[in-house]
Amino acid sequence: MRPGQWLRRPSSLSSLPVKSGVAEESPGRVRSRERLLAAAAELTSVGGWASLTMGRLAADLGVSRQTVYNEVGSKAGLAEALVLRETDKLAGTVGQIVARHPGEAAEGVTAAFCHIVAAARVNPLLKTVLGGQDGDELLSLITTRSQAVLERAVTAVTPVLRAQYPERGLSEEEWSVFAETFVRLLLSHVVQPGGPVERTATSVRWVLGRMLDR
């Protein structure tokens, strides 16, 4: 299979379905939180993280500042919520794409990897985060303080891969190790791109394929 075959047309991660990750919240509150985070992502993409204040976000939403604080706690809490929102979408994307590759684990995970990397390069929020010091508080959450992102993504991706590819015969622990390797490699390529995605596909498939071929 040619590397380009793993690559579908990139779309912004922000256009993909969001999994809330909140277990016991009412549908109304989940929608309100998603509306808040979507507005915060848009304002950050347009004006930068430093210019975003709780007051400006509240005004954009037509609610009080206290409502915003009640939902996310602080601007640092908002930063974490935004990054975890993208993480949930990442995990959802993996599930969507591997489902298109039944019985082809190496091709499925490679396709998911390449799609997400390509989409990240045109994602307005991620471009702002990765583009300079203005997004340092957000950037640190996927670099030096990435534990929450790793745990969230690995917890979500592991059962998806295990259910999609039972024929690989990996244990739950082995799938967890694979998922962590996948996510760490993915974050590395998102933060520091390694050239054209088509070229990346070959090396990624080799690495991930070796792990799957026990």
Q. Is it the case that Ser64 and Thr67 place a side-chain donor and acceptor less than 3.5 Å from each other?
A. yes

Q.
Using a 3.5 Å distance criterion without hydrogens, assess whether the side chain of Arg162 forms a donor-acceptor pair with backbone atoms of Glu174.
A. no

Q) Once you round to the nearest 0.5 Å, how far does CZ of Arg100 lie from CD of Glu107? A) 15.0 Å

Q) Same cluster for Phe182 and Val207 if Ile/Leu/Val/Met/Phe/Trp/Tyr side chains link at under 4.5 Å? A) no

Q: Count the heavy atoms of every other residue, nucleotide or ligand shown that sit under 6.0 Å from CD of Glu167, and state whether that count exceeds 12.
A: yes

Q. Are any side-chain N or O atoms of Ser74 and backbone N or O atoms of Gly77, one a donor and one an acceptor, separated by less than 3.5 Å?
A. yes

Q. Atom OG in Ser51, atom CZ in Arg56: separation rounded to 0.5 Å?
A. 5.0 Å

(Q) Please determine whether residues Val191 and Ile116 belong to a single hydrophobic cluster, defined as Ile, Leu, Val, Met, Phe, Trp and Tyr linked transitively by side-chain heavy-atom distances below 4.5 Å. (A) yes

Q) Heavy atoms, side chains only, cut-off 4.5 Å: are Arg121 and Val197 in contact? A) yes

Q) Going by the ring pair (Phe, Tyr, Trp, His ring centres under 6.0 Å) test, which pairs reach into residues 187-212, not counting sequence neighbours? A) Phe113-His189

Q: May I ask you to decide if Glu71's main-chain N or O and Arg33's side chain share a donor-acceptor pair within less than 3.5 Å?
A: yes

Q | N/O donor-acceptor pair under 3.5 Å between Tyr165 side chain and Leu212 backbone | A | no

Q | Atom pair CD/CE of Gln66 and Met54 - distance to nearest 0.5 Å | A | 10.0 Å

Q: Return the minimal non-hydrogen interatomic distance between Gly48 and Thr128, and the atom names on each side.
A: CA-CG2, 4.1 Å

(Q) Let me check something: do Leu186 and Leu150 share a hydrophobic cluster, defined by ILVMFWY side-chain heavy atoms less than 4.5 Å apart, either directly or through other members? (A) yes

Q.
Please find the pair of heavy atoms, one from Leu57 and one from Ala40, that lie closest to each other, and give the distance.
A. CD1-N, 3.7 Å

Q.
Check whether Asn123 reaches the backbone of Ala119 with its side chain - one donor and one acceptor, N or O, closer than 3.5 Å.
A. no

Q. In Å and rounded to the nearest 0.5 Å, what is the CD to CG distance from Glu42 to Leu37?
A. 13.5 Å

Q. When you check the side-chain N and O atoms of Thr87 and Arg152, is any donor under 3.5 Å from an acceptor?
A. no

Q) Distance-only, no hydrogens or angles: does the Lys75 side chain make a donor-acceptor pair with backbone N or O of Leu52 under 3.5 Å? A) yes

(Q) Using side-chain heavy atoms (C-beta onward) and a distance below 4.5 Å, is Pro196 in contact with Arg199? (A) yes

Q. How about Leu130 and Val190: do any of their side-chain heavy atoms sit closer than 4.5 Å?
A. yes

Q.
So which atom in Ala105 and which in Arg168 form the shortest heavy-atom distance, rounded to 0.1 Å?
A. CB-CD, 3.9 Å

**Q.** Donor-acceptor pair, side chain of Thr158 and main chain of Val154, under 3.5 angstrom
**A.** yes

**Q.** 4.5 Å side-chain heavy-atom contact, Thr200 and Val117
**A.** no

Q.
Looking at every non-hydrogen atom in both residues, tell me the closest pair between Val160 and Gly95 and how far apart they are.
A. CG1-CA, 3.6 Å

Q.
Between Glu34 and Arg31, does any side-chain N to carboxylate O distance fall below 4.0 Å?
A. no

**Q.** Audit row: Val157, Trp175, side chain to side chain contact (heavy atoms under 4.5 Å, CB included) steps and yes/no
**A.** CA-CA 9 Å; Val157 169; Trp175 273 122; over 6 Å; no

Q | Leu138 CG to Glu86 CD distance, which is reported to the nearest 0.5 Å | A | 10.0 Å

**Q.** Side-chain heavy-atom pair Leu36, Leu78 within 4.5 angstrom cut-off
**A.** yes

Q | Side-chain donor/acceptor of Thr44 to backbone N/O of Ala41, under 3.5 Å | A | no

Q: Working to the nearest 0.5 Å, report the span between CG of Leu43 and CG of Asp60.
A: 4.5 Å

Q. So, does Thr110 use its side chain to make a donor-acceptor pair with the main chain of Ala106 at under 3.5 Å?
A. yes

